[in-house]
Amino acid sequence: PYLNELRHDIIYNKYTNEIWSYDFCNPEISRFNLQTGKWSNDQPDMILSDYGHHNKFISPLDNSLVTILGYGHYRYKSIVNIYDNAANEWRQIDRSDQITPRYLSGVGNLGDNKALVFGGYGSHSGRQEISPQSYYDLYVFDFTDYSFTPVWTLPEPEIPFVS
């Protein structure tokens, strides 16, 4: 299943001789007792998403959740994830033949079952360690077939930025 990235922060409490684990989505703090070696409550494991900093939409065609692009485990993605409400399951479409793997893109509704996708940061190979760069291109994303069509590319600016 598709999971969001969960992040917990940890701090040592010298007044109680405990380690506290917390996040801002959960009001309860989990306490680790150094004498017993146990946590006060179970918390989800720390899961790093394969699709961090992705873009997300609710499809105007069928109200399915659609996510595009993203980053995880040292890889930029050109993946479209679709959550099928009727089947209660995720499916994926690899669009690396249409758009360079990336994350941190800007998006906006174009209407007529389409969205605009601008820029981002990634690499042609998808691998973080091989020539990552900022992109300054614009695509139309089509909800009918989950495709990307290039529109134009800006010249590379003197000072790089991410959209």
Side-chain angles (χ1 to χ4, degrees), residues 1-11 19 21-26 30 43-163:
Y2 179 84
L3 297 171
N4 286 329
E5 179 176 337
L6 299 175
R7 179 166 190 253
H8 295 265
D9 287 297
I10 294 177
I11 190 168
I19 298 172
S21 174
Y22 67 97
D23 67 0
F24 295 103
C25 297
N26 183 353
S30 183
Q43 290 188 335
D45 292 334
M46 291 175 58
I47 300 167
L48 296 176
S49 172
D50 258 347
Y51 303 98
H53 302 285
H54 61 267
N55 300 101
K56 54 190 166 287
F57 312 89
I58 299 298
S59 171
L61 298 175
D62 61 5
N63 294 319
S64 60
L65 173 59
V66 179
T67 72
I68 61 170
L69 312 171
Y71 171 84
H73 300 100
Y74 309 105
R75 299 246 178 206
Y76 305 106
K77 307 296 190 301
S78 296
I79 301 291
V80 177
N81 288 294
I82 304 112
Y83 184 76
D84 184 329
N85 289 319
N88 289 328
E89 64 185 15
W90 285 97
R91 65 184 170 110
Q92 290 185 340
I93 302 171
D94 185 347
R95 290 297 188 209
S96 56
D97 61 331
Q98 297 177 355
I99 188 167
T100 307
R102 63 186 72 196
Y103 75 138
L104 300 174
S105 297
V107 297
N109 183 10
L110 184 59
D112 200 26
N113 300 321
K114 294 179 171 67
L116 293 173
V117 179
F118 176 73
Y121 190 83
S123 72
H124 290 287
S125 69
R127 294 174 54 184
Q128 175 186 339
E129 69 275 15
I130 300 179
S131 304
Q133 64 184 53
S134 294
Y135 292 105
Y136 307 100
D137 45 7
L138 181 71
Y139 289 83
V140 171
F141 177 75
D142 192 325
F143 285 98
T144 59
D145 61 2
Y146 307 108
S147 65
F148 293 89
T149 304
V151 179
W152 49 253
T153 300
L154 290 175
E156 190 166 329
E158 194 172 308
I159 300 173
F161 67 90
V162 176
S163 58

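These numbers come from a predicted model, not from an experiment.
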For residues Ile130 and Ser125, report the shortest heavy-atom separation together with the two atoms involved. CB-OG, 3.8 Å

Test: Arg95 and Asp145 ion pair at under 4.0 Å: no

Check Leu116 against Val140 and note the closest heavy-atom contact, atom names and distance. CD2-CG2, 3.9 Å

Closest heavy-atom pair and its distance - Ser105, Asn55: O-ND2, 3.0 Å

How about Phe141 and Ile99: do any of their side-chain heavy atoms sit closer than 4.5 Å? no

Indicate yes or no: at least one non-hydrogen side-chain atom of Val117 is less than 4.5 angstrom from one of Ile68. yes

Nearest-0.5 Å distance, CZ of residue Arg102 to CG of residue Leu69: 7.0 Å

At their closest point, which heavy atom of Tyr121 faces which heavy atom of Pro132, and how far apart are they? OH-CB, 3.5 Å

For Lys114, does its backbone N or O pair with a side-chain atom of Asp112 as donor and acceptor, under 3.5 Å? no

Compute the centroid of each ring, for Tyr136 and then for Phe161, and state whether the two points are separated by less than 6.0 Å. yes

Could you state the interatomic distance from CG (Asn113) to CG (Leu61), rounded to the nearest 0.5 Å? 4.0 Å

Are Val66 and Val80 packed together at the side-chain level, in the sense that at least one heavy-atom pair is separated by less than 4.5 angstrom? yes

So, Tyr139 and Gln98: side-chain donor and acceptor under 3.5 Å apart, yes or no? no

Are Thr100 and Tyr76 close enough that some pair of their side-chain heavy atoms sits under 4.5 Å apart? no

Taking the side chain as every heavy atom from C-beta outward, state whether Tyr71 and His54 have any pair of such atoms under 4.5 Å apart. no

Where is the tightest heavy-atom contact between Tyr103 and Gly70, given as atom of each residue plus distance? CB-C, 3.6 Å

Is the closest side-chain heavy-atom distance between Gln128 and Arg75 below 4.5 Å? no

To the nearest 0.5 Å, how far apart are CD1 in Ile93 and CD1 in Ile79? 9.5 Å

For the atom pair CD1 (Ile82) and CZ (Phe143), what is the distance rounded to the nearest 0.5 Å? 10.5 Å

Step by step, work out the side chain to side chain contact (heavy atoms under 4.5 Å, CB included) result for Gln133 and His124. CA-CA 9 Å; Gln133 64 184 53; His124 290 287; 4.2 Å; yes

Heavy-atom check, side chain of Phe118 versus side chain of Tyr135, under 4.5 Å: no

